[in-house]
2 protein chains.
Amino acid sequence: MNTLPAKTVERLSEYRRTLMGCLNAKRNYIYSHQLASLLHITAVQVRRDLMLIGYSSVLRKGYDVRELIDTIGRIIDSEETMNVAIIGIGNLGRAVAGYFKGKRSKLNLVASFDNDPQKVNKVISGVRCYPYQEMEKLMGELNIRIAILTVPADYARETAENTIRFGIKGILNFTTVPLNVPSGIFLEEYDMITSMEKVAYFVKENRF
Amino acid sequence: MNTLPAKTVERLSEYRRTLMGCLNAKRNYIYSHQLASLLHITAVQVRRDLMLIGYSSVLRKGYDVRELIDTIGRIIDSEETMNVAIIGIGNLGRAVAGYFKGKRSKLNLVASFDNDPQKVNKVISGVRCYPYQEMEKLMGELNIRIAILTVPADYARETAENTIRFGIKGILNFTTVPLNVPSGIFLEEYDMITSMEKVAYFVKENRF
DNA sequence: TAAACATTGTTATTTTATTAACAATAAAAA
DNA sequence: TTTTTATTGTTAATAAAATAACAATGTTTA
Ligand SMILES: NC(=O)c1ccc[n+]([C@@H]2O[C@H](COP(=O)([O-])OP(=O)(O)OC[C@H]3O[C@@H](n4cnc5c(N)ncnc54)[C@H](O)[C@@H]3O)[C@@H](O)[C@H]2O)c1
Ligand SMILES: NC(=O)c1ccc[n+]([C@@H]2O[C@H](COP(=O)([O-])OP(=O)(O)OC[C@H]3O[C@@H](n4cnc5c(N)ncnc54)[C@H](O)[C@@H]3O)[C@@H](O)[C@H]2O)c1
């Protein structure tokens, strides 16, 4: 299949998250407009996204929740589990680790790396923290493909470059520093302040 | 002026962040292509955004960094400071507070609210934590307009509804739960897992 | 059974966002 | 001084995303 639009991928992730909630609540079928309204989007959007991944409902009964979860998984998850590491297990790193650990079967948070002697070789937020110096060795051994970057801003560039040198293929960058990555490496950046300023702007304008 | 496109607002925030970095590095002028390359976007994008806010450069010398920072501020910041509170000062709340506190002059983190007796009436990550029960009173007294929601998922709906009842106009929701807000309230949601799954998908596809 | 209905998958249309094109302009070079 | 050059602001073109429209199809109900 062709690569899906980034927005569709994001929504598929959200659909799955929501659908898992439905399963928990013992709901086994769901109509497009119901799923849509849980996520505050339109039913057309849902149907169009599902069309793109070729999923068909049981007519007039809605989508089979469990089946749809599986289908989305087959599309957006990798075949074998993809291993993830957190670089810099400080305040944000710990929050992220705690939230993330064990949430997805195909996305496995296997390590954190830090240079604080107080932290290394301890289990923090459910994840073993390794010395930063061992990153090269362990990235290979543990087959880590994705890095979550939560080091202080001053070290962002340097640590990112290292993760790439050691074989990482994707980076989720939470530091303030915009990174430069070579082609072939997928980079996603998120800065909370941008979100806050966006909220503040639209609150001020009160027109949206 | 007309409301700016959301994407432009996001980029203006990023421009400003980057420009402040330039100022720190004693750089006083910057060309559109230089700013663009710091953020990995195109120069046209930069120029178009600045056109929308009506900012003009000193020709052939580039944009005056300080002046541009001020102009962006006049557009995206509110006149008087806008007060912000964090609801639920746990792992994520603390990380956010520490990062955010004092970063923007017009966006002021003035309180956190929590129902853990161990936390209330202490200063945590630079912010005073108040008992959740006093939210109603204090939201008015402190004139809080924006809430950052970092409570456990199970309490997301309830606490969000309360903040709205008590006068909040914008919510930045970090919980897994998609919220339903009445019109007139601006809602921004962010879930790390969606970002992670997006990274994983494009790493898997290796085509982007 | 036949008519009305609810829901879907998909194509067509509209809207939004990005990129390209280019004339205008002043600085630098000839 | 004149020409070349670099850079801008803006309009025009393209691309991406969202929405609308609608035929198809079984379900319900009259
Ligand atoms: N994007 C966001 O929304 C957001 C929110 C909060 C914080 N942040 C950013 O995330 C980063 C981390 O914030 P924090 O509050 O967790 O900071 P922190 O100081 O609590 O944590 C940083 C961690 O990195 C470790 N570290 C320092 N240098 C290192 C190195 N060279 N190699 C490996 N580990 C190293 C430290 O020992 C510490 O454990 C900062 O850049 C901050 O600006 C971003
Ligand atoms: N969006 C993301 O990227 C992301 C990342 C990590 C965590 N999270 C989410 O953020 C939330 C907080 O995560 P965390 O790791 O900080 O959890 P946490 O348990 O460390 O913190 C939650 C805090 O909320 C307080 N609280 C509980 N009930 C409350 C109530 N009714 N009113 C006020 N305060 C209350 C608790 O006392 C605690 O201090 C969770 O919903 C988690 O899923 C989101």
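Remember, it's a predicted structure, so these values are computed and weren't measured experimentally. In what follows, every chain begins at residue 1, and chains take the letters A, B, ... in the order their sequences are listed.
Applying the salt bridge (charged side-chain N to carboxylate O under 4.0 Å, His left out) test to A/Asp114 and every residue at least two apart in sequence or in another chain returns nothing.
Comment: B/Arg16 engages A/Glu197 in a salt bridge, judged by a side-chain N to carboxylate O separation of less than 4.0 angstrom.
Under 3.5 Å, the side chain of B/Arg47 and the base of D/dT7 form no donor-acceptor pair of N or O atoms. With hydrogens and angles ignored, no donor-acceptor pair under 3.5 angstrom links the side chain of B/Arg48 to the base of D/dT10.
Distance CG (A/Leu35) to P (C/dT7): 14 Å, rounded to an integer number of Å. Rounded to whole angstrom, the span from the CG atom of B/Leu68 across to the P atom of D/dG9 amounts to 10 Å. Between B/Met51 atom CE and D/dT10 atom P there is a gap of 6 Å when expressed in whole angstrom units. For the pair B/Ile30 CD1 and D/dT7 C1', the computed distance is 14 Å after rounding to whole Å. For A/His33 and D/dT19, the NE2 to C1' distance is 18 Å, given to the nearest whole Å.
Side-chain atoms of A/Lys7 lie closest to D/dA18 of the nucleotides C/dA17, D/dA18, D/dT8.
Contact annotation for B/Tyr55: backbone-only contact, meaning every heavy-atom pair under 4.0 Å involves sugar-phosphate atoms and none involves a base. Within the 4.0 angstrom heavy-atom criterion, no nucleotide atom of any strand lies near A/Thr8.
Residues B/Tyr63 and B/Tyr31 place their aromatic rings such that the two centres sit no closer than 6.0 Å.
Each of B/Tyr63 and A/Pro5 has a nearest nucleotide on DNA chain D; the 5'-most of these lies closest to B/Tyr63.
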